[in-house]
Structures are given as C-alpha cells and as structure tokens.
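The structure appears below as structure tokens.
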Amino acid sequence: MNPIDVMAVAYMNRTDEERKLLRLRHELTQLRIHTELRDNNTALLVHRPGGRGLPLWVFVGYGGAYFSWQYAEKRHPVNDAEGAAKVLAEYVSR
C-alpha cells in the first residue's frame, strides 16, 4: 500500500472505533453513568457514580473487536454495546 492508502485505512479504523465508543457512551448514559470522550475520541472516560474513586478509561482494542478496560484485563465484545454498558456500570458502581 502506498502512504496515502495506509493513512486512509488508519482513518477509517479510527472512525469505526469512534462510532463504537459513541454507541457505548449512549448506552452508559441511558444507565445514568457519566462519561466523556477523550484523546481525540479514541478513549472513553467513565466516571464512578457519586465521584467516588478514580474514573475508568475504556478503549476499543484487540483489532477493534472488544471494549477493554482495567489495563486490558477486562473486555467485552463491541457488537454488544448494551451488554458492555451493563458490565461497566456494575464495575464502576462497586
């Protein structure tokens, strides 16, 4: 691939990751979990309810297949944003 094609593919992948994070953000908002898109929309900052403790960073990882957090030890398939939101909401509410 030439350099322009490489950049185009990287941009398309980034846009896909943004869409996945936006979908997750929407689902978390429905569960009343405060979130912020950060770092050029490559990460989602998930705040703990009541401001207790540190927020959690969520990324799209593993080739775009999973939402990952907690040093990539925790993950959930990106094709199940609703389920990921429920798992994350429970995780940050502990």
Side-chain angles (χ1 to χ4, degrees):
M1 262 196 261
N2 68 44
I4 294 173
D5 289 339
V6 170
M7 288 179 60
V9 168
Y11 177 77
M12 288 184 335
N13 287 342
R14 186 175 144 236
T15 302
D16 187 46
E17 288 178 8
E18 286 179 67
R19 279 194 296 267
K20 291 171 182 174
L21 288 172
L22 284 168
R23 175 78 173 132
L24 179 60
R25 182 179 188 203
H26 170 76
E27 294 296 336
L28 285 164
T29 300
Q30 297 296 313
L31 297 173
R32 298 177 188 251
I33 301 293
H34 176 66
T35 64
E36 298 175 50
L37 280 170
R38 301 299 293 262
D39 296 334
N40 297 323
N41 297 339
T42 59
L44 188 65
L45 186 63
V46 180
H47 295 276
R48 296 180 186 274
R52 298 180 341 269
L54 296 172
L56 182 71
W57 289 98
V58 179
F59 301 89
V60 174
Y62 298 94
Y66 291 91
F67 296 114
S68 62
W69 63 96
Q70 193 60 35
Y71 306 106
E73 291 175 7
K74 305 287 186 183
R75 63 180 184 234
H76 195 90
V78 294
N79 62 358
D80 179 24
E82 183 179 353
K86 289 177 183 174
V87 170
L88 280 162
E90 181 180 325
Y91 188 83
V92 298
S93 296
R94 292 189 221 167

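- Contact between Phe67 and Ala84 at its shortest, heavy atoms only, is CD1-CB, 3.7 Å.
- Residues Leu45 and Pro55 have side chains in contact (heavy-atom distance under 4.5 Å, counting atoms from C-beta outward).
- Put simply, the side chain of Arg75 never gets that close to the backbone of Ala65: no donor and acceptor are under 3.5 Å apart.
- Counting all heavy atoms, side chain and backbone alike, Arg23 lies closest to Ala81 at CG-CB, 3.4 Å.
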Does the pair Leu44 and Glu36 meet the rule for a side-chain contact (heavy atoms from CB on, under 4.5 Å), with working shown? CA-CA 6 Å; Leu44 188 65; Glu36 298 175 50; 6.0 Å; no
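- Salt bridge Glu90/Arg94: absent, no basic N to carboxylate O contact under 4.0 Å.
- Of all non-hydrogen atoms in Leu21 and Val58, the two that sit nearest each other are CD2-O, 4.0 Å.
- A donor-acceptor pair is defined here as one N or O able to donate and one able to accept, closer than 3.5 Å; no such pair exists between the side chain of Lys74 and the backbone of Ser68.
- Both Trp69 and Leu31 belong to a single network of hydrophobic side chains, linked directly or stepwise wherever heavy atoms of I, L, V, M, F, W or Y lie under 4.5 Å apart.
- Residues Leu88 and Leu24 are in side-chain contact: their nearest non-hydrogen atoms beyond the backbone lie under 4.5 Å apart.
- The shortest distance between side-chain heavy atoms of Thr35 and His47 does not fall below 4.5 Å.
- Interatomic distance, CZ of Arg25 versus CD of Glu18, reported as 12.0 Å (0.5 Å rounding).
- Inter-residue side-chain proximity for Phe59 and Glu17 is flagged as unmet; no heavy-atom pair is nearer than 4.5 Å.
- Atom CZ of Arg52 sits in a crowded spot, with more than 12 heavy atoms from other residues, nucleotides or ligands closer than 6.0 Å.
- Counting only heavy atoms from C-beta outward, the side chains of Val60 and Val78 approach each other to under 4.5 Å.
- Separation of atoms CG (Leu54) and CZ (Arg48) is listed at 7.0 Å; rounding is to 0.5 Å.
- The minimum heavy-atom distance linking Ser93 with Ile33 is given by the pair OG-CD1, 4.5 Å.
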Go through the steps to decide whether Gln70 and Trp57 satisfy the test side-chain contact (heavy atoms from CB on, under 4.5 Å), and finish with yes or no. CA-CA 8 Å; Gln70 193 60 35; Trp57 289 98; over 6 Å; no
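- The two atoms that bring Glu27 and Ala85 nearest to each other are CB-CB, 3.5 Å, heavy atoms only.
- At a threshold of 4.5 Å between side-chain heavy atoms, the hydrophobic network of Ile, Leu, Val, Met, Phe, Trp and Tyr places Leu28 and Val87 in one connected group.
- The NZ atom of Lys86 lies 11.5 Å from the CD atom of Gln30; values are rounded to the nearest 0.5 Å.
- Side-chain contact between Leu22 and Asn41 is absent, with no heavy atoms from C-beta onward closer than 4.5 Å.
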